[in-house]
Protein chains: 2
Amino acid sequence: MTKETNPLIRKLGASIRLSGEERTVLTDLTRTRRRFASGKEIIHEGDTEHRAFVLLEGWVSSFKILRDGSRQIVDFQIAGDFIGMRSVLLRTVDHNVEPITDIVAASIHLDEVMELFSSQPRVAAAMMWALSADEAIVVERLVSVGRRHALERVAHFLLEMRARLRLVGMGRQQSFPCPLTQYHLADALGLSAVHVNRVLRQLREDTGVTFRGGVVKFGNIDRAMETANCDMGYLDHGGLILE
Amino acid sequence: MTKETNPLIRKLGASIRLSGEERTVLTDLTRTRRRFASGKEIIHEGDTEHRAFVLLEGWVSSFKILRDGSRQIVDFQIAGDFIGMRSVLLRTVDHNVEPITDIVAASIHLDEVMELFSSQPRVAAAMMWALSADEAIVVERLVSVGRRHALERVAHFLLEMRARLRLVGMGRQQSFPCPLTQYHLADALGLSAVHVNRVLRQLREDTGVTFRGGVVKFGNIDRAMETANCDMGYLDHGGLILE
DNA sequence: CGGGGCGTTGAAGGAACTCAACTCTTGTGG
DNA sequence: CCACAAGAGTTGAGTTCCTTCAACGCCCCG
């Protein structure tokens, strides 16, 4: 088997063993590719036209804006992740999506997905599995923001991104590329940017983690894990239960 | 049409117009009923045996426990809500579920749901719609915990529960039954119980909202809405987009 | 070379927490 | 029927974590 370059296939392949036909279906599904520039919102809260995508390259953030202008980032998406699926069945879109980098995404049509459920139930189940895993990430973020201290929150987040990226073959054991700013961290973790900065410094001093120049490096993974006070179990779902 | 008493049918009926046959299917799905006592966990984190339910009577909480013993409640479920669906496709269950009151629930088997997708695609879509709406609630809670002050958070939460209960025909314009304690509020909203108590007092003085004796009463809904700084749009999904 | 985005640091203030004591209610068993 | 315990709610005092405000440095790009 050649090394898989389609990140969706790579990701779903982690949950079930995909047949040749199933790979073809997924390849077809991600055929209509489109580029979007960083910083230009592709989905807006309140839209009635629903758009869903599979992200193939780059990073995006999904977020909500409050009346007072503050922002809560719900999650970041990386290659292989779905975008906008959560509200695709609802009347109006309930969040915004903005590329953090320039991205390549494949647009998904609701009809295609519905069709998939009857023609390719295994693939559909694998999609549901991936969406469940995405939801688990949001839930874990809620736990972080609700009950963890800033230091734990940041350490936990960086380890989470490391694990997610490795799942789609990006990043290494001790580091990963990361286009986020400290403002992104702040808005994702319910902190102020100033405090994120201070916490990053402490994290650097304590565990050798650096967040600079678009790269996150871990000096000592174990110490970072300890600081995060977490085992990342919710990310390693170990394949779809159907298999 | 007689007044619907099955809360699942009532809820899904809000998203699509259900045919007689579809109602029958849903009635069958919720036929195997079981009682559980309050306080006795019915789903545990780490379980490999997966159980999903539809809640028919009572309230439950879904939560995670951290190493230090603190608890983050992810969401409460009320009549008509699904329980445990999020991790039903994952290898291990990633959260705990505990009845807050004595409950009646119908257990759902994965096979039945899979079957539903091929035999009753409209019903399946309605189920997905409901699960999307549930996820929207979790996302909105993340926004609350991340970016709203305690007073807004509590006001917002009480208004949210009011809206959810009305959707399944429980509670009134100005009040609803609520078996939660201040500790539940605290753990759901990322606050301490002591602070919840103070905030409830302020809310009572400001807007006439009372939280006592198992009942929440709103003195002045509009002022409460103002305090919550929110429009509840994410709850009113106005039916499935397919229709 | 000037501006803007991002990062860094200090100082001061505030929102929420912890600790601790006390009250109120409820249920239960003597 | 009362005593008592356990759970829930209330309040005060002191503390901590995090925020806000403000200033400044860096670096890249137009």
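Lettering follows sequence order; numbering is per chain, from 1.
No side-chain donor-acceptor contact under 3.5 Å links B:Asp206 and B:Thr227.
Sequence neighbours left out, the pairs with a member in residues 64-76 of chain A that pass salt bridge (charged side-chain N to carboxylate O under 4.0 Å, His left out) are A:Lys64-B:Glu140, A:Arg71-A:Asp187, A:Asp75-A:Arg141, A:Asp75-A:Arg164.
Partners of B:Gln173 under the side-chain contact (heavy atoms from CB on, under 4.5 Å) rule, at least two apart in sequence or in another chain, are B:Arg162, B:Arg166. In this structure A:Glu57 satisfies the side-chain contact (heavy atoms from CB on, under 4.5 Å) test together with A:Val104, sequence neighbours excluded. Residues satisfying the side-chain contact (heavy atoms from CB on, under 4.5 Å) criterion with B:Pro177, sequence neighbours excluded, are absent altogether. Every residue two or more places apart in sequence or in another chain was checked for a salt bridge (charged side-chain N to carboxylate O under 4.0 Å, His left out) with B:Glu98, and none qualifies. B:His149 pairs by the side-chain contact (heavy atoms from CB on, under 4.5 Å) definition with B:Glu152, not counting sequence neighbours.
Within residues 70-78 of chain B, no residue approaches DNA chain D, by heavy-atom distance under 4.0 Å. Heavy-atom distances under 4.0 Å link DNA chain D to B:Val194, B:Asn197, B:Arg198, B:Arg201 of residues 186-204 of chain B, given in residue order. A heavy atom closer than 4.0 Å to some atom of DNA chain D occurs in A:His149, A:Ala150, these being the qualifying members of residues 144-160 of chain A.
Put simply, the residue from B:Gln202, B:Arg223, B:Met225 that forms a side chain to side chain contact (heavy atoms under 4.5 Å, CB included) with B:Thr207 is B:Arg223.
C:dT8 atom C1' lies 13 Å from atom CD of A:Glu205, rounded to whole Å. In this entry the distance linking CZ of A:Arg212 with C1' of C:dG7 reads 10 Å, nearest Å. Look at CD1 on B:Ile100: it is 17 Å from P on D:dG7, rounded to the nearest Å.
Annotation: side chain of B:Phe53 is not in contact with side chain of B:Gln77 (no heavy-atom distance under 4.5 Å). For the pair B:Val74/B:Phe63, no side-chain contact is recorded, criterion being any heavy-atom separation below 4.5 Å from C-beta on. In this structure the side chain of A:Trp59 reaches within 4.5 angstrom of the side chain of A:Cys178, judged on heavy atoms. A:Arg51 is listed as a side-chain neighbour of A:Ile42, based on a closest heavy-atom distance under 4.5 Å.
Note on the helix from C:dC1-D:dG30 to C:dG30-D:dC1: angle between the axes of the first and last five pairs equals 30°, rounded to 10 degrees.
Side-chain atoms of B:Arg153 come within 3.5 Å of backbone atoms of B:Arg148 as a donor-acceptor pair (strictly under, hydrogens ignored).
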Determine all donor-acceptor pairs shorter than 3.5 Å in which one atom belongs to a side chain in residues 192-200 of chain B; sequence neighbours excluded.
residue: B:Ser192; atom: OG; partner: B:His195; partner atom: N; Å: 3.2
residue: B:Asn197; atom: ND2; partner: B:Gln182; partner atom: OE1; Å: 3.0

Could you list, one pair per line, each protein nitrogen or oxygen that sits under 3.5 Å from a nitrogen or oxygen of nucleotides 25-30 of chain D, together with the distance?
none

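In terms of heavy-atom proximity, B:Gln174 sits nearest to B:Gly219 at OE1-O, 3.9 Å.
Here B:Gln182 reaches the OP1 or OP2 of D:dT10: one of its side-chain N or O atoms lies under 4.0 Å away.
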